[in-house]
Every structure is written in structure tokens, then in C-alpha cells.
Colleague: 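Starting off with a structure, shown below.
The model shown is predicted, which means the values in this text are computed figures rather than measured ones.
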Amino acid sequence: VQLQASGGGLVQAGGSLRLSCAASGRPISSYYMAWFRQAPGKEREFVAAISWSGGSTSYADSVKGRFTSSRDNAKNMVNLQMNNLKPEDTAVYYCAARGIVGNRDYRQYDYWGQGTLVTVSS
């Protein structure tokens with residue numbers, strides 16, 4: 001499966017962005033999906049994950065209550081709605097997939113999108 005993330009940009013603190021991850025090559029419904037982010041000089045960190053049907057989600061404590069992950073298997077897409085953005089959310093955001101249930105370790109994921117940059121100004 002090939003993944004392509006989009007939707008990043010520059011936003012002021014308190015603003016919102018919606019990231020999308022489009023899949024091609026195989027149905028996205030076959031994959032457990034997750035979002036990670038990586039800020040300059042920092043390790044890639046878990047942001048959110050969503051199960052195959054979308055019925056189960058999990059979030060990093062730092063984004064809980066502000067970010068919402070969803071998926072539309074018919075459109076072969078997953079989304080990350082980010083509200084009340086903070087400067088510390090600035091990073092390159094990646095979508096990732098694996099065929100079995102995933103965890104928060106980025107090394108467990110098999111397929112990656114190219115990343116989309118989110119910059120939050122104060």
C-alpha cells in the first residue's frame with residue numbers, strides 16, 4: 001500500500017487543521033492506521049491510532065481532547081482533525097499502516113506516508 005499525507009500548513013495557536021492520508025494499491029480497510037509526528041531534533045512520536053473499522057481510537061496524552069482520528073474506508077482515507085493547536089504541535093506529521101493491531105512504537109509500522117509539515121505560530 002502507498003500512503004500520501006496532506007493538509008499541513010501554517011496556523012496560529014488556537015487554530016485548526018485537518019490532515020488526510022490517502023491510500024492506494026490496497027484497500028485501507030486492511031490496515032490498522034496511526035499518525036506520528038517528528039519535530040526537529042526529536043524522535044518520532046505517537047499521536048493517534050485507529051482500528052480497521054474506526055470503532056477504536058487511541059491518542060497521546062498531549063493531544064487527547066484536541067485531536068480526532070477518523071477513517072473512511074470507502075474513500076480509502078484516514079483523517080486527523082486537529083483543534084486548538086499549540087506551538088508544541090509543530091512537526092512533520094506522518095500516517096502509517098500495519099496489517100495487525102499496532103501500538104505506539106513507530107518501529108512496528110510497515111508503511112509510511114511522506115509526511116506533511118504542520119507549523120503553529122504563537
Side-chain angles (χ1 to χ4, degrees):
V1 65
Q2 292 79 46
L3 304 174
Q4 183 163 356
S6 62
L10 173 64
V11 64
Q12 288 188 331
S16 299
L17 281 174
R18 183 176 178 86
L19 304 184
S20 295
C21 177
S24 60
R26 289 200 66 183
I28 205 169
S29 57
S30 300
Y31 299 96
Y32 186 93
M33 299 297 297
W35 291 92
F36 291 83
R37 66 186 181 187
Q38 188 165 18
K42 294 189 177 182
E43 190 174 15
R44 193 167 296 191
E45 65 173 0
F46 171 81
V47 175
I50 186 165
S51 62
W52 295 267
S53 67
S56 176
T57 56
S58 63
Y59 299 94
D61 288 344
S62 59
V63 307
K64 199 172 294 183
R66 301 188 297 122
F67 290 13
T68 303
S69 181
S70 62
R71 66 192 297 161
D72 187 337
N73 289 335
K75 294 183 178 179
N76 238 20
M77 184 171 291
V78 295
N79 301 297
L80 184 68
Q81 178 67 41
M82 306 187 296
N83 298 329
N84 191 22
L85 283 160
K86 304 176 180 180
E88 51 264 42
D89 294 319
T90 295
V92 177
Y93 283 71
Y94 299 89
C95 56
R98 70 185 306 219
I100 57 176
V101 63
N103 58 23
R104 301 187 176 201
D105 184 352
Y106 68 89
R107 292 164 291 188
Q108 303 262 339
Y109 288 78
D110 302 309
Y111 305 99
W112 291 85
Q114 84 287 4
T116 185
L117 177 62
V118 172
T119 303
V120 184
S121 62
S122 57

Colleague: When rounded to the nearest 0.5 angstrom, what distance separates CG in N79 from CE in M33?
Modeller: 10.5 Å

Colleague: Does M77 share a hydrophobic cluster with Y93, counting links as ILVMFWY side-chain heavy atoms below 4.5 Å and allowing steps through other members?
Modeller: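 Result: no, two separate clusters.
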
Colleague: Let me check something: any side-chain donor-acceptor pairs from residues 114-122 under 3.5 Å, sequence neighbours excluded? List them with distances.
Modeller:
residue: Q114; atom: OE1; partner: A5; partner atom: N; Å: 3.1
residue: Q114; atom: NE2; partner: A5; partner atom: O; Å: 2.8
residue: T116; atom: OG1; partner: G8; partner atom: N; Å: 3.0

Colleague: What pair of heavy atoms forms the shortest contact from A49 to Y32, and how long is it?
Modeller: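 Where A49 meets Y32 most closely, the heavy atoms are CB-OH, 3.5 Å.
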
Colleague: Measuring from atom CD of Q2 to atom CZ of R26, what distance do you get when rounded to the nearest 0.5 angstrom?
Modeller: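 Going from the CD atom of Q2 to the CZ atom of R26 covers 11.0 Å.
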
Colleague: Among the clusters formed by ILVMFWY side chains lying less than 4.5 Å apart, do Y94 and L3 turn up in the same one?
Modeller: no

Colleague: Side chains of M82 and V11: does their closest heavy-atom pair fall under 4.5 Å?
Modeller: no

Colleague: Can you tell me how far the OG atom of S30 sits from the CD1 atom of I100, to the nearest 0.5 Å?
Modeller: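 Going from the OG atom of S30 to the CD1 atom of I100 covers 13.5 Å.
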
Colleague: State, to 0.1 Å, how close F36 and V47 come at their nearest heavy-atom pair, and which atoms those are.
Modeller: C-CG2, 3.8 Å

Colleague: Measure up the W112 and Y106 rings against each other and bin them: parallel (under 30°), tilted (30 to 60°), perpendicular (over 60°).
Modeller: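 The rings of W112 and Y106 stand perpendicular, inter-plane angle above 60°.
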
Colleague: Examine distances only and state if a side-chain atom of N76 and a backbone atom of I28 form a donor-acceptor pair shorter than 3.5 Å.
Modeller: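 Such a contact is found between N76 side chain and I28 backbone.
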
Colleague: Atom OG1 of T68 and atom CG of L80: how far apart are they, to the nearest 0.5 Å?
Modeller: 8.0 Å

Colleague: Could you give the side-chain donor-acceptor pairs of residues 56-63 under 3.5 Å, partners two or more places apart or in another chain?
Modeller:
residue: Y59; atom: OH; partner: S69; partner atom: N; Å: 2.8
residue: D61; atom: OD1; partner: K64; partner atom: NZ; Å: 3.3
residue: S62; atom: OG; partner: R37; partner atom: NH2; Å: 3.4

Colleague: Kindly write out the residues that satisfy side chain to side chain donor-acceptor pair (under 3.5 Å) with R18, not counting sequence neighbours, or none if the list is empty.
Modeller: Q81

Colleague: Applying the ring pair (Phe, Tyr, Trp, His ring centres under 6.0 Å) criterion to Y31, which one of Y109, W52, Y111 satisfies it?
Modeller: Y111

Colleague: Roughly how far, to the nearest 0.5 Å, is CG of N84 from OG of S16?
Modeller: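 The CG atom of N84 is 8.0 Å from OG of S16, to the nearest 0.5 Å.
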
Colleague: Let me check something: do V92 and V78 share a hydrophobic cluster, defined by ILVMFWY side-chain heavy atoms less than 4.5 Å apart, either directly or through other members?
Modeller: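 Each belongs to a different hydrophobic cluster.
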
Colleague: Please give me the minimum heavy-atom distance between D110 and R98, naming the atom from each residue.
Modeller: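 Taking every non-hydrogen atom into account, OD2-CB, 3.7 Å.
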
Colleague: Main chain of S51, side chain of R71: is a donor-acceptor contact present, judged purely on distance under 3.5 Å?
Modeller: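 Yes; judged by distance alone, with no hydrogens or angles, the pair exists.
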
